[in-house]
Amino acid sequence: MRKHGELGIIMLTAAFFMAFFGLSLNFYRLAVERKYISAAAERSYVTVHGGDSQGTIYDRYFKPLTNEKTVITAVAVPSAVDIKEIRNLAADEEKAAADYKKGDPFAFVCKEKGEDSAGLTFFEVPQRYGGEVIAPHVIGYLSDGDGASGVEYAFDTLLRTGNIENSVTYSTDGFGHILIGEGKSVIRSNKAETGVVLTIDSEIQKICEEAGKNIEKGAVIVSDVKNGEILGLASFPDYDVENISASLKNENSPMINRALYSYSVGSIFKLVTACEGINEDFGGYVYNCMGSCEISGQNFACHKHEGHGDQNLTEAMTNSCNPYFISLSRCLDVQSFRDQAFALGFGREIHLCAGMISSAGVLPTANELLVPAELANFSFGQGKLTATPLQINQMTCAIANGGELIMMRIVRGITVDGETVGNEKLPQKSRAISSDTADELRELMTAAVRKSENSNADAVYTQTAAKTSTAQTGRFDENGEEYCHGWVTGFFPASSPKYAITVLVEDGGYGNDSAAPIFREIVDTMCK
């Protein structure tokens, strides 16, 4: 009896534990089901980006210089679209198929645009550069998505803030599953319409780049003489805005904007010497060039070793006779001479926009010019004097427009609709020389082309006015030959100036051989 009683107690205890275990399992199942039901009831959201639309940089006629091309992207929900459709649409089928298999919504680049559906949303997204880019030294480039130089840097905030996002947002349950039946929220950016409007004329810019394509190092500038607007600005060599690392390794330093970099000027500066001579009533000055002249024991040679003989101002400008201008400078008031150079823009920076500032170059002080040899060098653009192609172009505009020095500019203003310009300012001008003096200088530049037997600045389709330079650098090659910069600056039409053109060929040798043919090609192409 005792054994049977103990067995009964054991069996009862076991039954109790079995019942308790079963009850616990049931409570656990109910708890888990409630958890799943609660989780499934929770709503969340997932957003997939289809690409950003940055603001546009336009030329003067609202032609896009960035965002010119677009790419079609799509956001796909694998559970709501067939993989065959994805493969047919995707530019990279294998990558899109691999993303599809992951099961999560994803974005991909399309070969063409399709129709929006529950599982597909299409966007047309501007490509920032999309291949060939003109005026890279003006436009600049991006680094980690931010503007790093040029207009991209100067207007970084405007171009890359605001509604730049293209995206689609879906509702999900607590497990991250897309609730297709709940619809989607799509944001399409109109940021690309906002942007910066430049003074650049894209057609003239292309002409500059084509004419200067064989320049190893140098710059070309074309501007409107009436308002100082830069219509074309090219620096050589150019660079690939989408491959900056390669350009950084290039020994010719393509990242430098040579239009804003200062160089020895040479004979172009004879225009300033002539200007001051006219101001001080030495416009009729005559000098007998014997092939050289001596100043304080230093010999200054003329490029024509036997000399030019008697020269007036027009003949000396046409023949680019150094001894004539050295002799003329010794008749001038040194302080007034130096002040005239400053009034014409030498020794002053030119601010185009943030980060795009022309060097001031070097303008010797009046005390430095009291040294006879320094004044002699100054008179024909050598010695300590340096200037940028932009400064030379600004001076040329002043001569061409009747004597007003205009603040050069490359930005017209901003736009919010891609059609109209806001914040556009009137040209800023200051009187640099009298209109009568400007007239005489224009005649000198016209004569320098017309009366020269071998001027390569003489165009076919219109009459030009120009002055060339061969500027010494003090650097020599392995054969002992000095490197010289080739320059030309001028305007056209000569009788009614509209455009100023400045060309620099760094280490190019004679200006008439290296720079003047480029000047002529630009003029003739613009006139066709």
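Keep in mind the model is a prediction, meaning the values are calculated, not measured.
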- Message: Could you go through L405 and K429, starting from their C-alpha distance and side-chain angles, then the distance that decides it, and tell me whether this counts as side chain to side chain contact (heavy atoms under 4.5 Å, CB included)?
- Response: CA-CA 6 Å; L405 191 78; K429 305 177 181 181; over 6 Å; no
- Does S262 have any side chain to side chain donor-acceptor pair (under 3.5 Å) partners at least two apart in sequence or in another chain, and if so, which? none
- Query: Do the side-chain N and O atoms of S455 and D458 include a donor-acceptor pair separated by under 3.5 angstrom?
  - Reply: no
- Got a donor-acceptor contact below 3.5 angstrom from the T194 side chain to the G55 backbone? no
- Is a side-chain donor-acceptor pair under 3.5 Å present for N322 with K270? yes
- Heavy-atom neighbours of Y153 OH exceed 12 at 6.0 Å: no
- Message: Testing the basics here: between G283 and L313, what is the closest heavy-atom pair and its distance to 0.1 Å?
- Response: O-CB, 3.7 Å
- Just how far is it from atom CZ of R60 to atom CZ of R412, taken to the nearest 0.5 Å? 6.0 Å
- Message: Is it the case that the side chains of K467 and S320 hold a donor-acceptor pair, with the cut-off being a distance below 3.5 Å and no angle test?
- Response: yes
- Task: For R330, look at atom CZ and say whether over 12 heavy atoms of other residues, nucleotides or ligands are found less than 6.0 Å away.
- Result: no
- Message: Please check: side-chain N/O of E280 versus main-chain N/O of D333, any donor-acceptor pairing under 3.5 Å?
- Response: yes
- Assess whether side chain to side chain contact (heavy atoms under 4.5 Å, CB included) is satisfied between E368 and K384, documenting all intermediate values. CA-CA 10 Å; E368 289 173 323; K384 296 178 180 179; 3.0 Å; yes
- Given side chains that start at C-beta, do those of V138 and P136 come closer than 4.5 Å, heavy atoms only? no
- Looking only at non-hydrogen atoms, find the nearest pair between N279 and Q340 and report the distance. ND2-OE1, 2.8 Å
- Item | Pairwise distance CG(N250) to CG(D240) - rounded to 0.5 angstrom | 12.0 Å
- What distance do E242 atom CD and L142 atom CG have between them, rounded to the nearest 0.5 Å? 9.5 Å
- Closest approach of F325 to S379 (non-hydrogen atoms, all atoms of both residues): O-CB, 3.4 Å
- Which heavy atom in I215 sits nearest to a heavy atom in F236, and how many Å separate them? O-CB, 3.6 Å
Extract all donor-acceptor atom pairs below 3.5 Å that involve side chains of residues 299-308 and protein atoms in other chains or at least two apart in sequence.
from, atom 1, to, atom 2, distance (Å)
H303, NE2, N319, O, 2.7

- Item | Of all pairs that satisfy salt bridge (Lys or Arg N to Asp or Glu O under 4.0 Å), the ones with a partner from residues 150-161, not counting sequence neighbours | R128-E152, E152-R160, D156-R160
- Task: Please tell me if the side chains of M395 and V272 come closer than 4.5 Å, counting only heavy atoms from C-beta onward.
- Result: yes
- Query: What pairs with E68 under salt bridge (charged side-chain N to carboxylate O under 4.0 Å, His left out), at least two apart in sequence or on another chain?
  - Reply: none
- Verify, without hydrogens or angle tests, whether Q463 (side chain) and A494 (backbone) share a donor-acceptor contact under 3.5 angstrom. no
- Item | Contacts of D439 that satisfy salt bridge (charged side-chain N to carboxylate O under 4.0 Å, His left out) - sequence neighbours left out | R442
- Crowded around Y499 OH? As in, over 12 foreign heavy atoms under 6.0 Å? no
- Message: Just verifying a value: how many Å separate I501 CD1 and F491 CZ, rounded to the nearest 0.5 Å?
- Response: 11.5 Å
- Query: Is any side-chain heavy atom of K451 less than 4.5 Å from a side-chain heavy atom of T314?
  - Reply: yes
- Item | Donor-acceptor contact below 3.5 Å, side chain S235 vs main chain H137 | no
- Message: We want to know whether D417 and T415 form a side-chain donor-acceptor pair, criterion being a heavy-atom distance below 3.5 angstrom.
- Response: yes
- Task: Decide side chain to side chain contact (heavy atoms under 4.5 Å, CB included) for I200 and L231; before the verdict, give the C-alpha distance in whole Å, the side-chain angles of both, and the deciding distance to 0.1 Å.
- Result: CA-CA 4 Å; I200 293 291; L231 306 175; over 6 Å; no
- Message: Strictly by side-chain hydrogen bond (donor to acceptor under 3.5 Å, both in side chains), give each pair with a member in residues 507-526 just once, sequence neighbours left out.
- Response: R475-D507
- Task: Drop me the distance from F380's CZ to Q472's CD, to the nearest 0.5 angstrom.
- Result: 6.5 Å
- Item | Side-chain heavy atoms of E315 within contact of Y324, under 4.5 Å | no
- Query: With a 4.5 Å limit on heavy-atom distance, are the side chains of P389 and N393 in contact?
  - Reply: no
- Message: Taking the side chain as everything from C-beta on, heavy atoms only, tell me whether I518 gets closer than 4.5 Å to V505.
- Response: yes
- Message: So, taking the atom named CZ in F269 and the one named OG1 in T386, what distance separates them when rounded to the nearest 0.5 Å?
- Response: 11.0 Å
- Item | Any donor-acceptor N/O pair, T66 side chain to T56 backbone, under 3.5 Å | no
Would you mind writing out the side-chain donor-acceptor pairs for residues 348-364 within the sub-3.5 Å range, not counting sequence neighbours?
from, atom 1, to, atom 2, distance (Å)
R348, NE, F342, O, 3.1
R348, NH2, F342, O, 2.7
R348, NH2, A343, O, 3.1
E349, OE1, H351, NE2, 3.1
S358, OG, T388, OG1, 2.9
S359, OG, G361, N, 3.0

- Task: Write out all pairs satisfying salt bridge (Lys or Arg N to Asp or Glu O under 4.0 Å) with one or both partners inside residues 135-151, taking only residues at least two apart or from two chains.
- Result: none
- Query: Can you check side-chain hydrogen bond (donor to acceptor under 3.5 Å, both in side chains) on S327 and Y285, steps first, answer last?
  - Reply: CA-CA 10 Å; S327 180; Y285 187 73; 2.5 Å; yes
- Query: Looking only at side chains, do S267 and S469 share a donor and an acceptor under 3.5 Å apart?
  - Reply: no
- Message: Restricting to non-hydrogen atoms, name the atom on P254 and the atom on D238 that form the minimum distance, rounded to 0.1 Å.
- Response: CB-O, 3.3 Å
- Message: Before you tell me yes or no, could you show the steps for E229 and S223 under side chain to side chain contact (heavy atoms under 4.5 Å, CB included), namely the whole-Å CA-CA distance, both residues' side-chain angles and the distance that decides it to 0.1 Å?
- Response: CA-CA 6 Å; E229 293 185 349; S223 63; over 6 Å; no
- Task: Sort and list the pairs that fulfil ring-ring contact (aromatic ring centres under 6.0 Å, His included) and have at least one residue in residues 452-490, not counting sequence neighbours.
- Result: Y263-H485
- Task: Kindly state each residue pair satisfying salt bridge (Lys or Arg N to Asp or Glu O under 4.0 Å) with at least one member in residues 196-211, sequence neighbours excluded.
- Result: K63-E203, E203-K206, E210-K213
- Note on the structure: Here the salt bridge (Lys or Arg N to Asp or Glu O under 4.0 Å) pairs for residues 244-262, sequence neighbours left out, are R258-E506
- Does a side-chain heavy-atom distance below 4.5 Å link T464 with T446? no
- Who are the salt bridge (charged side-chain N to carboxylate O under 4.0 Å, His left out) partners of K498, not counting sequence neighbours? none
- Query: Side-chain contact, heavy-atom cut-off 4.5 Å: Y58 with L198?
  - Reply: no
- Query: Just wondering, more than 12 heavy atoms not from E294 lying within 6.0 Å of its CD?
  - Reply: yes
- What are the two closest non-hydrogen atoms of M445 and T396, and how far apart are they? CE-CG2, 4.4 Å
